[in-house]
Amino acid sequence: MVDYARVQKELVECNRDKDISGVSIELDNGDDLSHLSGRITGPIASPYEGGIFQIDIRLPGGYPFEPPKMQFITKVWHPNISSQNGAICLDILKDQWSPALTLKTALLSLQALLSSPEPDDPQDAVVAQQYLRDYPTFVGTARYWTDTFAKRASVGTEEKVQKLVEMGFPEVLVRKTLDIVGGDENLALEKLCTG
């Protein structure tokens with residue numbers, strides 16, 4: 001059974017210094033503390049700088065004795081993150097998890113992973129090969145993906161919100177969904193329609 005009291009404390013702790021740490025967590029859907037949405041900012045001096053990356057967080061019944069299930073929602077070009085489905089290869093999310101760790105430390109570890117890829121233990125072999133064999137192209141591709149998928153374009157956001165609200169969706173939900181999908185109006189509509 002998930003320790004909900006601990007999760008609530010972790011949410012407060014994580015969000016207390018989010019402007020400094022660059023990581024935050026919100027409830028993903030209503031009051032369900034077992035399904036959360038994390039956010040990390042791209043590390044400075046990395047190809048991910050300036051990006052905001054959304055992470056889907058699901059807490060198994062054995063949390064905190066079992067690791068949280070985390071997956072990138074924002075598309076990212078990185079050797080240890082699947083470019084197809086956002087799956088993450090990180091030891092603390094698998095066999096190196098400890099109940100002493102928190103959701104915040106897991107998100108900070110993901111942020112550190114963006115700065116220091118481990119191409120010898122890849123989740124995405126194609127990206128890892130590019131990283132090892134053609135680093136300048138890897139950096140260019142990672143920057144392009146960050147610009148395309150992880151940077152919100154403020155121009156037009158209000159118009160997108162207005163269109164989706166006119167379709168009958170609540171404004172708060174529309175803004176959150178647009179944020180999760182990086183401002184892509186079509187993806188937002190698809191996510192809103194599928195619940």
Side-chain angles (χ1 to χ4, degrees), residues 1-44 46 48-49 51-125 127-128 146 149-150 172-173 175-182 191 194-195:
M1 182 80 178
V2 174
D3 183 346
Y4 290 114
R6 173 180 162 147
V7 174
Q8 287 177 321
K9 284 182 186 176
E10 287 192 40
L11 290 176
V12 170
E13 177 59 33
C14 183
N15 294 328
R16 180 174 293 146
D17 66 348
K18 62 184 175 185
D19 294 333
I20 296 167
S21 68
V23 301
S24 63
I25 302 174
E26 301 172 347
L27 295 175
D28 187 70
N29 193 6
D31 295 331
D32 184 0
L33 284 173
S34 67
H35 189 196
L36 307 168
S37 179
R39 177 186 289 184
I40 61 174
T41 56
I44 295 171
S46 78
Y48 312 101
E49 183 175 359
I52 298 173
F53 299 88
Q54 296 291 329
I55 315 293
D56 182 66
I57 304 169
R58 295 182 188 265
L59 303 180
Y63 183 83
F65 299 101
E66 293 176 39
K69 309 289 183 217
M70 294 189 174
Q71 180 176 355
F72 273 80
I73 299 300
T74 308
K75 290 177 73 74
V76 59
W77 190 255
H78 189 284
N80 307 107
I81 302 161
S82 170
S83 59
Q84 300 300 309
N85 63 19
I88 303 163
C89 181
L90 183 62
D91 59 356
I92 68 160
L93 294 179
K94 296 180 179 160
D95 59 335
Q96 295 301 308
W97 175 258
S98 159
L101 298 173
T102 64
L103 295 171
K104 181 178 182 178
T105 56
L107 289 175
L108 289 170
S109 295
L110 288 179
Q111 194 177 48
L113 184 66
L114 290 178
S115 289
S116 304
E118 297 179 18
D120 295 326
D121 185 22
Q123 176 69 37
D124 194 312
V127 180
T146 299
F149 301 113
V172 173
L173 183 59
R175 289 186 185 281
K176 182 178 179 185
T177 305
L178 279 168
D179 191 38
I180 288 170
V181 299
K191 189 167 176 68
T194 58

- With Ile40 as reference, evaluate Ile52, Leu110, Thr74, Leu113 under the side-chain contact (heavy atoms from CB on, under 4.5 Å) test and give the passing residue. Leu110

- Among Pro64, Cys14, Pro68, the one residue meeting side-chain contact (heavy atoms from CB on, under 4.5 Å) with Leu103: Pro68

May I ask you to test the [X]-[Y] pair for a side-chain heavy-atom distance under 4.5 Å?
X      : Y      : result
Pro67  : Lys94  : no
Val127 : Pro122 : no
Glu13  : Thr102 : no
His35  : Asp56  : yes
Val76  : Thr146 : no

Between [atom1] on residue [X] and [atom2] on residue [Y], distance to nearest 0.5 Å:
X      : Y      : atom1 : atom2 : answer
Met70  : Leu59  : CE    : CG    : 8.0 Å
Lys69  : Ile55  : NZ    : CD1   : 16.0 Å
Trp97  : Asp91  : CH2   : CG    : 11.5 Å
Asn15  : Leu11  : CG    : CG    : 6.5 Å
Gln111 : Ser116 : CD    : OG    : 11.0 Å
Leu90  : Glu118 : CG    : CD    : 7.5 Å

- Message: Before you tell me yes or no, could you show the steps for Gln123 and Ile81 under side-chain contact (heavy atoms from CB on, under 4.5 Å), namely the whole-Å CA-CA distance, both residues' side-chain angles and the distance that decides it to 0.1 Å?
- Response: CA-CA 5 Å; Gln123 176 69 37; Ile81 302 161; 5.7 Å; no

What heavy-atom pair brings [X] and [Y] nearest, and what distance separates the two atoms?
X      : Y      : result
Pro119 : Ala128 : O-CB, 3.7 Å
Gln71  : Ala87  : CG-N, 4.0 Å
Tyr63  : Glu10  : OH-OE2, 2.7 Å
Leu36  : Ile25  : CB-CG2, 3.8 Å
Leu108 : Ser21  : CD2-O, 4.0 Å
Pro43  : Ser46  : O-OG, 2.7 Å

- Message: Quick test of your reading of the model: are Lys104 and Asp17 salt-bridged, counting only N-O distances below 4.0 Å?
- Response: yes

- Task: Say whether, by atom type as modelled, one donor and one acceptor occur between the side chain of Asn80 and the main chain of Ile88 under 3.5 angstrom.
- Result: no

- Message: For the NZ atom on Lys191, are there more than 12 heavy atoms of other groups (residues, nucleotides or ligands in this structure) within a distance under 6.0 Å?
- Response: no

- Considering residues, nucleotides and ligands other than Tyr4, do more than 12 of their heavy atoms fall under 6.0 Å from its OH? yes

- Pair Tyr48 + His78: ring centers closer than 6.0 Å: yes

- Task: Quick one: do Leu27 and Leu33 satisfy side-chain contact (heavy atoms from CB on, under 4.5 Å)? Show the steps, please.
- Result: CA-CA 7 Å; Leu27 295 175; Leu33 284 173; 3.4 Å; yes

